[in-house]
Structure formats: C-alpha cells, structure tokens
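The structure appears right after this line, and notes come after that.
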Amino acid sequence: SIDQRGCACSCLLQNLLSTMSFPGRQAQRAWHLIDASNQTVGRLAATIAPILKGKHKPTYRPNGDCGDYVVVINADKVDFTGKKWTDKLYRHHTGYPGGLKTRRALDLLQRQPESILRKATLGMLSRNNLRHKYIEPRLRIYAGSEHPYASMIGTDMSNTMEPVPRKKEANYHFGLGKGYAGATLPKDRKSDS
Amino acid sequence: MTFFASLQRSPIMKGVSTKTTTIFSKLMRNPLMQQHYPVQQQMQTTQQLQIRGMASKKHKRVIKMAKGYRGRANRCFRLALSRVEKALQYAYRDRKVKKRKFRSLWIQRLNAGVRQYGLNYSQFIHMMSGKSRAAEGVGGNVKLNRKMLADLACNEPFSFKAVVDVVKMTNK
C-alpha cells in the first residue's frame with residue numbers, strides 16, 4: 001500500500017510470480033524511474049544498487065529475489081566530478097597477448113553512454129548467480145529520454161525519483177522519499193505523525 | 001531350472017519361507033540337514049556374522065551421513081569419512097554463525113522498515129532503549145528484541161508502525 005499523498009516517487013506494484021526460493025509468497029516488484037541528468041555517477045549508482053537488491057524492503061532476504069525494476073533515462077547526461085572525464089580509465093583485457101584496452105570516460109561516453117552507469121551500478125552488486133540471472137536484467141538504462149516501459153511507469157515525467165543529494169541525511173530512505181510504502185491506517189482511525 | 005530354483009521347490013525347503021533368508025540358512029534350518037551338520041558349526045557362523053556387524057555398523061553410520069555426496073564418497077567408507085568429518089566441523093561452526101547471521105538479517109530488515117518512517121536503525125535503537133532520555137528517566141518501555149521487531153516489520157506492517165509511533169512519541 002502506498003501513501004498516495006506523500007509519495008514523491010512512483011511505482012506501480014505488479015505481482016509477478018516466481019523467484020528463487022521464495023516459498024509461498026509472491027514477489028511484489030515495483031518499477032522506479034530515475035532521471036540521471038546532472039547526477040554524479042557513483043552517488044546515483046549507490047542509490048540504485050540497494051533498490052535492485054531489495055534492501056529498501058522490510059521483507060528483504062539475501063537469498064531470495066526481492067528487488068525492484070529500475071529504469072534510468074538520460075544516462076548520457078550523467079556527470080563526474082573533478083577531472084574524471086579525462087582522467088578516469090576503463091580497462092579490460094581481451095585475452096590475447098598485448099590486448100589491454102584502455103578508454104577514457106569521455107571516450108566511453110561517446111561509444112556506449114549507458115555503460116558508464118551500468119558498470120558503476122553492477123560493480124556495487126555482489127557477483128553471484130542471483131545477480132547475474134535475476135538482478136542484472138532488471139536494470140534498464142537508456143541514453144535518451146525515451147523508454148519502452150510507459151505501460152509500467154506511466155508517461156508523465158513527474159514520477160521520477162528525486163536527485164541524489166550531495167550529502168545524505170542519516171535517515172535517507174534509499175532515495176525513495178519518506179512516504180514510500182508506509183503503512184497507513186484507514187481514515188476513520190486516529191494516527192500520529 | 002537352475003540348481004537353486006529346484007532346491008527351493010524340493011522337500012528340504014518344506015515349511016521354510018523363501019522371502020528374506022538365503023539358501024544356505026534355509027538349508028541349515030531343515031532338521032534333516034541339522035543331523036548331518038551339527039549345531040556347533042551353526043554357532044560359529046552366527047558369531048562370525050556378529051563380529052562383521054560391529055565394524056560395518058560404524059561404516060554404515062558414516063555412509064548414511066554422506067548421502068548426496070559427489071562421486072564415490074557417498075558409497076565408500078574411506079572416501080566418505082574425511083568429507084563427513086569436515087561436514088560435522090562446518091555444522092559445529094555454523095551453529096554459532098547462524099545466530100550471528102540471523103541477527104544481521106533482522107537488523108537489515110529493521111533498517112529498511114524504520115527508514116519508511118523517517119528514522120534510521122541507529123536512531124531507532126537509541127530511542128527505543130531509553131538512552132536518549134535517560135536523564136529524565138523516561139522511555140525504554142518497548143522491550144521487543146530485534147527478531148520480533150523485524151518480524152513485525154515484515155509481516156505486520158500496521159503493528160510495526162504502531163511500535164515506531166510509540167517510540168517516536170516518547171522521544172519528542
């Protein structure tokens with residue numbers, strides 16, 4: 001149940017069946033929309049990763065697949081602080097001798113803009129079967145502002161999550177806003193705060 | 001017809017059930033055979049069987065614990081023994097680790113649950129334990145442990161909200 005009035009972010013709850021070892025209980029997965037323009041890469045990735053993993057839910061279990069879908073748009077407008085655009089290097093080895101490929105962050109932005117945020121977020125998730133088979137496919141990153149999930153998320157852009165603040169408060173609720181999924185009593189009963 | 005099949009149907013086997021006993025023991029039970037083969041020999045054979053039984057009991061116990069192991073370790077005693085010993089060591093260690101892991105899981109769930117209401121885990125525990133108003137002597141009335149709180153947060157969201165509200169109210 002969502003407190004519709006206080007909620008700053010959007011999600012449509014969808015009941016989807018079947019997960020890894022989730023006995024007798026359906027996983028409820030929500031869709032979250034994030035606009036990545038002018039947000040710092042690492043800070044944004046650090047808020048996306050726990051949502052994918054399901055750590056924002058009190059029903060979290062590390063062995064069961066309880067995370068949510070995250071759709072990121074404008075991933076090419078993401079930002080690095082300092083001189084990282086020219087100084088940060090992405091390296092990989094092709095397996096052949098002398099095959100160390102090095103690219104600057106700026107070059108990676110031109111070749112595959114989505115991969116900057118993708119590498120950052122996936123590096124913050126554990127490397128196991130749960131992540132490779134179930135969690136990783138739920139992270140959808142798009143370079144422009146178009147995404148094919150209008151039926152899940154809705155077309156108006158007021159649904160996006162708030163930008164990650166530079167300094168988080170102690171009670172930062174995983175970027176979801178304070179009204180997210182708070183249990184609300186029916187209106188005829190008294191409740192505090 | 002084979003020799004043993006014809007033996008089963010012969011008058012020697014009369015009155016002896018053929019289901020669970022071997023041909024040899026069936027023969028030995030027949031009174032005609034017992035005249036020719038005296039009782040002492042029978043006693044020897046049962047003694048031998050008993051001695052073999054004591055060693056194979058330990059083997060059977062170990063092999064029973066090795067069910068599901070890969071390769072010949074689920075069948076052969078010498079291969080199974082070291083793997084079973086390791087399994088028992090892990091079981092001993094993990095009985096203690098299980099307590100730690102569950103507490104950690106309860107804390108993670110509590111953290112997620114409590115952040116929905118504008119607090120975080122450390123603030124919540126500080127308020128709940130009564131330390132935030134210790135000078136006034138107020139608070140610390142909620143004696144629920146992390147296990148129960150996490151269970152409430154997971155399964156009883158309205159009750160959990162009530163607990164969080166009580167803790168917040170005593171700490172205004």
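Because only heavy atoms are used, hydrogens play no part in the values below, and waters and symmetry mates are left out as well, while side chains stay in. So you know, we letter chains A, B, ... as the sequences are listed, proteins then strands, and number each from 1.
Across all non-hydrogen atoms, the minimal contact from A/H56 to B/Q116 is O-NE2, 4.4 Å. For the pair A/P58 and B/A153, the tightest heavy-atom approach, listed with the atom from each and the gap, is CB-O, 3.5 Å. Across all non-hydrogen atoms, the minimal contact from A/K55 to B/A112 is O-CB, 3.2 Å.
Annotation: B/K64, atom NZ; neighbour count of heavy atoms from other residues, nucleotides and ligands within 6.0 Å does not exceed 12. Within 6.0 Å of CD on A/E146 lie no more than 12 heavy atoms contributed by other residues, nucleotides or ligands. Few gaps surround OH on A/Y90; more than 12 heavy atoms of other groups in view lie less than 6.0 Å from it.
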N/O donor to acceptor pairs below 3.5 angstrom from side-chain atoms of residues 103-111 of chain B, sequence neighbours left out:
| from | atom 1 | to | atom 2 | distance (Å) |
| --- | --- | --- | --- | --- |
| B/R109 | NE | A/Y60 | O | 2.7 |
| B/R109 | NH2 | A/Y60 | O | 3.0 |
| B/N111 | OD1 | B/R115 | NE | 2.8 |
| B/N111 | OD1 | B/Y121 | N | 3.4 |

